[in-house]
Amino acid sequence: MDWLMLLLSPFVVAFVYPVVLLIMMYGSAVFLHVYRHRRREIYDAYTDNFWDGAMQTVAAVFDSHGSLWHGFELVGMDKLPVKGPALLIYYHGALPLDMYYILARILLCKKRRLRNVAATFLFHIPGIQLLLEVCGAVEGRSREQCVQILKNGELLAISPGGVREALFSDEYYTMIWKGRRGFAKVALEAKVPIYPIYTQNIREAIRSIQIGRKWFRKLYEWTKLPLVPLYGGFPVKLRTFIGDPVYYDPKLSCDELAGKVQREIQEMIEAHQQLPGSIIAALQDRWRLSTTTTLKDAKKI
């Protein structure tokens, strides 16, 4: 029986984990619904906004999951402004697990909400609209809203590659931006700095099926729906790097600014990622960290 469990465990991790993640998202949405309808009993505990406590709790759940399962680290968080606006541009994994963890860590540690531009189809999934609303998600087609958010002094995250990059990038972490420059227009209009972001091993945690890639790509371009099967959930090491800011420069054109940010992220990938990506190597990185931490704790005892 022990050997059977050992043999089956990779299949459980690979196919059960995505369902668990979906349950976590729906569980968070359910919690927020309960919170909204029970606010009279708990409102006295909060002076400014009764959603603050709910958001802190949801953030704590996701942050704990990231730390325990992936040993998640956020390197360079001190570069982000304590106050004032900033635009965060990131490479999109098959699932944006890292963005869930980044949102949570920034909220818990810096007490700031990071708003995120999300794919339009997410706003049509029944049951999670409240979660998107409370987290401050923004529909991708609203450039004016993005500019206004930044002018209001908030933090905003955008992945120019979006769903296309998520589903059709590969183990070489190819950036699929297709000439998208909207984020650069937003940054120039709002006059804010851009922070390039990359998460090590993000494609080793969750992967998209490569078989039939050509036909899935045609299907996506026709429907704009993420119909490519995913697999994974491997407890690989995830380490997010926040690069140095690209400050507002009126002399830069939209294309020049977008190209500069894209090169910055590409350099971060080349500096921090084993190419081609390897699930085994990413698992070894996580295992080495866990073993080192355990030995340190043992020495203290």
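All residue numbers in this chain count up from 1 along the given sequence.
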If a pair satisfies side chain to side chain donor-acceptor pair (under 3.5 Å) and one of its residues is in residues 117-132, list it, with sequence neighbours excluded. none
What's the spacing between M268 CE and T240 OG1 if we round to 0.5 Å? 9.0 Å
Evaluate R143 against K185 for side chain to side chain contact (heavy atoms under 4.5 Å, CB included), listing each step before the verdict. CA-CA 9 Å; R143 197 174 79 194; K185 294 178 182 178; 3.2 Å; yes
Student check: side-chain heavy atoms of R286 and V236 closer than 4.5 Å: no
Note, V246 side chain near I89 side chain (heavy atom, < 4.5 Å): no
Does a salt bridge link E154 with K151, judged by any charged N lying under 4.0 Å from a carboxylate O? no
Donor-acceptor under 3.5 Å (E189 side chain, A187 main chain): no
Could you state whether I158 and Y247 fall into the same hydrophobic cluster, counting links through intermediate Ile, Leu, Val, Met, Phe, Trp or Tyr residues with side-chain heavy atoms under 4.5 angstrom apart? no
Keeping the roles fixed (side chain from T199, backbone from I202), state whether a donor-acceptor pair exists under 3.5 Å. no
Crowded around K110 NZ? As in, over 12 foreign heavy atoms under 6.0 Å? yes
Hey, does N116 have a side-chain heavy atom less than 4.5 Å from the side chain of Y90? yes
Under the 3.5 angstrom rule, does the side chain of Q273 hit a backbone N or O of N201 as a donor-acceptor pair? yes
Taking all non-hydrogen atoms of both residues, which atom of A166 and which atom of G93 are closest, and how far apart? CB-O, 3.1 Å
Taking all atoms of both residues into account, what is the closest heavy-atom pair of V138 and R115, and its distance? CG2-NH2, 4.1 Å
Any non-hydrogen side-chain atom of F216 less than 4.5 Å from a side-chain atom of P229? yes
If every non-hydrogen atom of I106 is compared with every non-hydrogen atom of L80, which pair is closest and at what distance? CD1-CD1, 3.6 Å
Spacing of F62 atom CZ and S67 atom OG [to the nearest 0.5 Å]: 13.0 Å
R217 and E221 ion-paired at < 4.0 Å: yes
So does T174 get a backbone contact from the side chain of S169, meaning a donor-acceptor N/O pair under 3.5 Å? yes
Same cluster (ILVMFWY, side-chain, under 4.5 Å), L230 and L97: yes
Approximate separation, where rounding is to 0.5 Å, of H272 NE2 and E267 CD: 10.5 Å
List the steps, then state whether side chain to side chain contact (heavy atoms under 4.5 Å, CB included) holds for R113 with L155. CA-CA 7 Å; R113 182 175 67 160; L155 301 176; over 6 Å; no
In terms of hydrophobic clustering (I, L, V, M, F, W, Y; side-chain heavy atoms under 4.5 Å; direct or indirect links), are L95 and V61 co-clustered? yes
Looking only at heavy atoms, which two atoms of R181 and A258 are closest? And how far apart? CD-CB, 2.9 Å
Test item: D249 side-chain N/O and K251 main-chain N/O as donor-acceptor pair under 3.5 Å: yes
Is the shortest distance from a Lys or Arg side-chain nitrogen in K237 or E73 to a carboxylate oxygen in the other one below 4.0 Å? yes
Is any NZ, NE, NH1 or NH2 atom of the basic residue among R203 and E171 found under 4.0 Å from an Asp or Glu carboxylate oxygen of the other? no
Minimum heavy-atom distance W177-V261, with the two atoms named: CH2-CG1, 4.4 Å
Should I211 and Y231 be counted in the same cluster of Ile, Leu, Val, Met, Phe, Trp and Tyr side chains packed under 4.5 Å apart? yes
Side-chain touch P81/R112, heavy atoms, less than 4.5 angstrom: yes
Between Q266 and E270, does a side chain to side chain contact (heavy atoms under 4.5 Å, CB included) hold up when you go through it step by step? CA-CA 6 Å; Q266 184 62 52; E270 294 171 357; 3.4 Å; yes
Heavy-atom distance under 4.5 Å between the side chains of Y220 and R164, does that happen here? yes
Nearest 0.5 Å please: distance from the CG atom of L252 over to the CG atom of L257. 6.0 Å
Which word best sums up how the rings of Y101 and H70 line up, parallel for under 30°, tilted for 30 to 60°, or perpendicular for over 60°? tilted
Got a second to check how far L219's CG is from W222's CH2, nearest 0.5 Å? 7.5 Å
Would you call the rings of W69 and H65 parallel, tilted or perpendicular, taking 30° and 60° as the class edges? parallel
Within the side chain of R180, is there an N or O that forms a donor-acceptor pair under 3.5 Å with the backbone of P160? yes
D63 to R105 - nearest heavy-atom pair and separation: OD1-NE, 2.6 Å
Relative to the ring of Y198, is the ring of Y173 parallel (under 30°), tilted (30 to 60°) or perpendicular (over 60°)? perpendicular
Counting C-beta onward and ignoring hydrogens, is there a side-chain heavy-atom pair between M99 and I102 closer than 4.5 Å? yes
Could you tell me whether a side-chain N or O of Q200 sits under 3.5 Å from a main-chain N or O of R239, the two making a donor and an acceptor? no
In this structure, would L275 and M175 fall into the same cluster of hydrophobic residues linked by side-chain contacts under 4.5 Å? yes
Calculate, to the nearest 0.5 Å, the distance between atoms NZ and CZ belonging to K79 and F241 respectively. 10.0 Å
With sequence neighbours excluded, tell me which residues meet ring-ring contact (aromatic ring centres under 6.0 Å, His included) with Y195. none
For the pair L156 and V117, evaluate side chain to side chain contact (heavy atoms under 4.5 Å, CB included) and give the outcome as yes or no after the intermediate values. CA-CA 8 Å; L156 179 66; V117 173; 4.1 Å; yes
